[in-house]
Structures are given as C-alpha cells and as structure tokens.
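All residue numbers refer to positions in the sequence shown, counting from 1.
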Amino acid sequence: MDPLAILKEFCVGGQLDQVVIEEDRIKFGDKYSFPKQSPTAFRAKDGSGEPYSLESVTFFIKSITAGGANMGAYVAAAVRARTAQIILQDRQPLRDYLTGKLAHTVHISDVVPTVTFSALEPAAKKQKLDESAQGEAAALRQLLEQEKQLRDRNSLLCAPGANFKPVLDMLDKVLAHRKAAEVAAAAAANAKAAAGKQQQRPASGQQRPAQQPQPAKPAGPAFMKPSGRMERNDVVGQMKAMGGDASLAANLGYGYGIQVDGQSAAAAAGKAPAGAAAAGAAGGAAPAAKHRSSSGSSKEARAAAAAGGRSSSHRTGSGAAGGSSSRAGRDPPIILVPSGVTAMINIFNARQFLEEGKFVPSAEAAAAAGNVKPAKGLDYTRTALRSGPRMPRYHVTDKVPRSGHPDWKRVVAVIVQGKAWQFKDFPFKGADKGELRETFTQLFGAYFYYSDEKVPETVEGWKVLKLPLRRTGRHLDHTTMLDFYTKLDGFLQGRRCELDY
C-alpha cells in the first residue's frame with residue numbers, strides 16, 4: 001500500500017489533524033499505521049533522486065498547513081525536530097500534489113514502493129469485541145458446569161442381549177472364499193505357463209530356429225514427462241496418432257519452427273503434395289475391385305494432395321492448377337500508418353516498434369530522420385512469434401492506395417490516429433462518411449495511446465484494438481508489440497488470408 005496516496009487522501013479530505021507522528025510510527029487516525037522511514041513514491045530532484053521518507057513528507061505538509069505556508073518556520077522546525085527536509089525545488093510540487101492541485105507530477109515514480117502497514121481497529125470496537133468475548137467465555141463455562149454426562153463410549157458399545165457371532169461367521173466365509181479364488185487363479189497361471197514352454201520346446205533332431213533380428217525403430221523426437229509417460233513433440237506424429245493427415249500437420253507447422261519427421265515443416269509441406277498426388281494417381285490406375293478395397297486410402301491421398309496444393313498456393317503464390325505466380329503471394333502484406341506527425345505510430349517510428357518492439361516518440365524519430373519520409377514506404381522483417389529460416393516481410397506506408405488499386409488486396413491492418421477523416425479515401429462502404437463498420441470488418445485496426453490518457457469517445461465506438469503505451473518503462477513495449485501481432489494473426493486466420501504473414 002502506498003502511504004503517499006493515503007496522506008493525500010487525508011489532506012484533501014481535511015483530516016490532516018488525525019495524522020499523528022508517534023515514536024517510530026505514523027498513525028492515520030484509527031485506520032492505518034506505517035513506519036516513519038517508509039519510502040514514498042515522491043522522489044527528490046524532479047524525480048531523479050531518492051524517494052522521500054514518509055516522516056519528511058508528513059512533517060512538511062503539517063508544518064506548512066499549520067504555519068500558513070511559512071517556509072522559514074518549516075526549516076526551523078525541521079532543524080529542531082532533526083527531520084530530513086524537503087529541498088527547495090521540490091516543496092511547491094509536493095504541496096500542490098498533496099492538496100489536490102496537481103493530479104500527477106514528474107516526481108511521482110511509476111514503481112510504488114511496497115510498505116508493510118498495520119490496520120488499527122477503533123478503540124470502542126476493540127473494547128466491545130473484548131467484552132463480547134469475555135461474556136461468551138463466561139456463558140460457556142456456566143453451560144459446561146450444568147452439563148451431566150449420560151453416556152460414554154463404553155456405555156454406547158455395550159448392547160445387552162445382542163449376539164454378534166453371525167456377523168463374525170459371515171466375515172470368515174468371505175475371507176475363505178477370497179483365499180480359495182486366489183489359489184485357483186495362481187494354479188491356472190502356472191498351468192498356462194507350463195503349456196507355453198512345452199509348445200516352444202523343439203522336437204528331437206530339429207534345430208532351434210534362428211532368431212530374426214528386430215528392425216531398429218527410428219529414433220523420433222520424444223521427451224519424458226514428469227509422470228514418466230513418453231510423448232511425441234512433433235506435429236506429424238501427433239496427427240498420425242489421431243488418424244489425421246501428415247501433410248496437413250506440415251502445413252500447420254509452417255512458419256513456427258516445428259520439426260516434422262526430423263526436418264522443418266516447410267520442407268515437409270513442400271514434399272507432401274507430390275507424394276500425395278502420386279498416391280492418388282496409383283489409386284486411380286488400380287482395378288475396380290482393388291479400388292473398392294482401398295477407397296479409404298485413395299480419399300486420404302486426394303485430401304493430402306488438395307491440402308498440399310492449398311499450402312503451396314498460400315506460401316508461394318502459385319495456383320493449384322497452372323502454377324502461375326500471383327501478386328498476393330509475391331508481395332508482402334501492407335500496414336497503413338497515419339500520415340500525421342503527431343500520431344503515436346507513424347512512418348518515422350513504425351519500423352522500430354513493429355520489428356524491434358521498441359517505442360520511440362514520433363517527434364524524436366522524425367528529428368533523427370531529418371523529417372524526411374521514405375518515398376516508397378519501408379519494408380521490415382517480422383520476427384515476433386515467428387521462427388525458422390524464412391521470415392515474412394511486411395510493407396509499411398502512410399500513402400493510401402488509389403481506389404481499385406491491386407495493393408488493397410494486400411492491406412491487412414491500419415494504425416488508427418483517432419480521426420474519421422483518416423479513412424475518407426478508403427474504398428469501403430461508408431468510409432468517406434465516417435461510418436467504419438465495414439472498414440474494420442475488412443481490415444485489422446489498432447489504436448495506440450499513452451496509458452495516462454483517456455481513449456477518445458470516437459475510437460471507443462470503433463471495432464479496433466486499444467493498446468496503451470507507458471511514457472516510461474520501455475521494457476513493456478515488447479509485450480505490447482506481441483499483443484498486436486497475436487490479435488492480428490487471429491484476425492487474418494479468421495478471414496483465411498492467403499498472404500504470407
């Protein structure tokens with residue numbers, strides 16, 4: 001719990017007289033109690049120094065409030081009390097923050113120190129609870145004195161006139177029957193073992209047949225769970241075990257570094273269509289009777305060939321029939337960013353955030369680039385949530401394609417600035433009038449904003465992903481970037497996008 005926030009609550013509520021410094025603790029009425037040297041979130045030297053102690057902050061605000069903002073009287077009182085003083089440049093911001101004039105200041109640290117405290121019960125409530133407990137104890141003692149034990153354990157076990165011998169006889173019969181069954185089962189097992197040995201013994205004059213060597217099983221990738229059970233860690237093995245198609249498993253493993261039968265999923269997927277097509281051709285050339293007996297395997301081969309054709313078309317852009325290249329497979333997906341220089345993410349800082357997971361304010365990124373935008377946008381390689389030798393490429397631009405241009409087939413996402421006029425040239429229904437339901441059905445939208453600011457009401461009504469960024473703490477930017485790609489992948493998978501994303 002942050003003691004500075006509690007002190008501010010008491011100051012704003014006019015309850016500062018209830019804050020008392022006693023020995024080594026500071027009590028806030030009958031609610032809380034903190035050690036005097038507890039660190040607060042208010043740091044010295046405009047936020048770059050060490051945090052002030054709760055004793056220093058409490059002594060300062062009580063002295064200023066009682067002395068009518070007389071700084072000289074405060075300094076003299078702090079010297080007499082041997083209390084650490086608030087330095088001159090921090091006094092006015094601390095006073096304005098505790099009195100409620102400032103909601104936030106650079107002196108406040110983002111990391112709130114953890115302070116142990118003890119909650120105090122009101123004296124009247126504590127006295128009432130003590131009296132109630134004493135009354136209950138006295139009443140319980142009085143009841144125990146009046147009790148008279150009518151029966152004990154021995155008296156309950158005694159049953160005059162009852163005979164339990166039939167129960168004991170029944171138990172003896174059950175035990176005897178169980179023992180006989182165990183003896184019969186052991187005899188049957190011994191007889192079966194003896195018969196098996198007799199059959200395996202070779203006749204006289206015959207040689208014992210040589211034992212055929214067992215073929216070595218391929219050492220597939222496997223691991224041992226803590227429970228001791230072996231499991232497959234390759235997708236193809238799991239799909240085969242569940243009766244699925246190996247080529248489909250290879251397609252599912254593409255782009256995520258999954259090993260398929262000792263090789264990458266991309267290589268396995270490339271080999272699957274040819275093998276599946278050959279199996280389908282062999283099945284078609286077989287006689288009718290053989291075709292009927294192996295119809296299940298032929299269906300599986302055709303399914304594998306179709307799956308392999310789809311995966312090949314998805315990744316390389318070649319059609320399943322003619323193999324001609326397509327623009328969607330050859331060119332990378334496009335992400336549109338705002339053209340405004342004040343946007344959180346624009347053409348100047350998009351690469352650093354989307355590729356490296358590091359947010360640089362757009363003004364700083366523009367100054368570093370000399371305020372010169374790339375003429376044709378920029379390309380980057382996506383490594384987030386991807387692994388393997390081949391990474392997908394993305395294109396980022398702030399120039400909206402013309403209406404009817406084929407580049408619209410590659411636009412997958414748009415970074416929202418917060419104004420409806422950003423979409424006036426989009427070719428979707430209602431976009432020129434600010435009605436963006438169809439736009440965000442076709443494209444994935446994301447809005448970035450500072451975590452201490454409020455999302456505009458206009459953006460709240462749009463179907464876009466709201467991603468907050470902190471003004472400090474750049475180590476959290478990578479998590480925000482991963483959240484962006486996770487939601488983007490889910491959106492594109494739902495629309496069955498054929499681009500290499």
Side-chain angles (χ1 to χ4, degrees), residues 1-126 450-453 468-477:
M1 181 174 291
D2 183 13
L4 186 65
I6 297 177
L7 180 60
K8 180 179 179 180
E9 179 182 349
F10 273 70
C11 291
V12 175
Q15 301 175 343
L16 193 58
D17 56 333
Q18 299 182 19
V19 181
V20 181
I21 302 177
E22 294 183 357
E23 297 180 356
D24 61 339
R25 300 191 72 83
I26 297 179
K27 295 183 178 180
F28 292 83
D30 55 357
K31 294 183 178 180
Y32 308 101
S33 174
F34 294 91
K36 291 196 320 184
Q37 300 303 322
S38 301
T40 63
F42 196 92
R43 291 184 173 272
K45 300 179 181 180
D46 295 333
S48 62
E50 296 295 325
Y52 285 110
S53 65
L54 180 60
E55 179 187 18
S56 302
V57 176
T58 305
F59 190 87
F60 167 77
I61 192 62
K62 289 179 70 69
S63 299
I64 293 300
T65 304
N70 189 342
M71 294 297 175
Y74 158 68
V75 173
V79 172
R80 289 194 301 270
R82 297 182 179 179
T83 302
Q85 301 180 27
I86 306 297
I87 62 176
L88 182 61
Q89 67 189 63
D90 297 335
R91 292 174 186 172
Q92 189 63 36
L94 177 58
R95 180 185 177 188
D96 293 342
Y97 177 75
L98 291 178
T99 55
K101 294 181 181 180
L102 289 179
H104 190 272
T105 176
V106 295
H107 299 77
I108 302 298
S109 174
D110 292 333
V111 180
V112 179
T114 303
V115 181
T116 58
F117 72 98
S118 58
L120 301 178
E121 294 182 350
K125 179 179 178 182
K126 187 174 182 181
Y450 282 120
S451 58
D452 57 353
E453 295 180 354
L469 292 169
R470 299 179 69 90
R471 297 184 185 272
T472 58
R474 296 275 65 87
H475 61 284
L476 300 175
D477 296 341

message = Other residues, nucleotides and ligands only: do more than 12 of their heavy atoms fall within 6.0 Å of CD on Glu50?
response = no
task = Would you check if the side chain of Ser38 reaches a backbone N or O of Pro35 as a donor-acceptor pair within less than 3.5 Å?
result = yes
ask   = Roughly how far, to the nearest 0.5 Å, is the CD1 atom of Ile86 from the OG atom of Ser63?
value = 10.5 Å
query = How long is the span from the CZ atom in Phe10 to the OH atom in Tyr32, to the nearest 0.5 Å?
reply = 7.5 Å
message = Just so I know, are the side chains of Tyr74 and Arg91 near enough to count as touching, which here means a heavy-atom distance under 4.5 Å?
response = yes
inquiry  = When you measure from the side chain of Ser56 to the backbone of Ala84, do you find a donor-acceptor pair of N or O atoms at a distance under 3.5 Å?
reply    = yes
request  = Would you give the length of the straight line joining atom OG1 of Thr58 to atom NZ of Lys36, rounded to the nearest 0.5 angstrom?
outcome  = 10.5 Å
message = Check whether Arg43 reaches the backbone of Ser48 with its side chain - one donor and one acceptor, N or O, closer than 3.5 Å.
response = no
request  = Taking the side chain as every heavy atom from C-beta outward, state whether Leu4 and Leu54 have any pair of such atoms under 4.5 Å apart.
outcome  = no
message = Nearest 0.5 angstrom please: Gln89 CD to Lys45 NZ, how far?
response = 8.0 Å
key: Any Asp90 side-chain heavy atom under 4.5 Å of Leu94 side chain   = no
request  = Please report the C-alpha distance between Asp46 and His107 in whole Å, then the side-chain angles of each, then the deciding distance to 0.1 Å, and finally whether the side-chain contact (heavy atoms from CB on, under 4.5 Å) criterion is met.
outcome  = CA-CA 5 Å; Asp46 295 333; His107 299 77; 3.2 Å; yes
ask   = Would you say Lys62's side chain and Ile21's backbone share a donor-acceptor pair under 3.5 angstrom?
value = no
query = Do the side chains of Tyr52 and Ile87 get nearer than 4.5 Å, heavy atoms only?
reply = yes
key: Whether Phe28 and Phe34 hold their rings parallel, tilted or perpendicular, with breakpoints at 30° and 60°   = perpendicular
inquiry  = I need the single residue from Thr40, Leu16, Val12 that forms a side-chain contact (heavy atoms from CB on, under 4.5 Å) with Leu7. Which is it?
reply    = Leu16
message = Run Gln85 and Val79 through side-chain contact (heavy atoms from CB on, under 4.5 Å) and show every step you take.
response = CA-CA 8 Å; Gln85 301 180 27; Val79 172; 3.5 Å; yes
Nearest-0.5 Å distance that lies between atom CZ in Phe59 and atom OG in Ser53 = 11.5 Å
ask   = Does Thr99 reach the main-chain N or O of Asp96 with its side chain, forming a donor-acceptor pair under 3.5 Å?
value = yes
ask   = Shortest non-hydrogen contact from Pro39 to Pro3?
value = O-CG, 4.1 Å
inquiry  = Exactly one of Arg471, His104, Arg470 should register a side-chain contact (heavy atoms from CB on, under 4.5 Å) with Asp452. Which one does?
reply    = Arg471
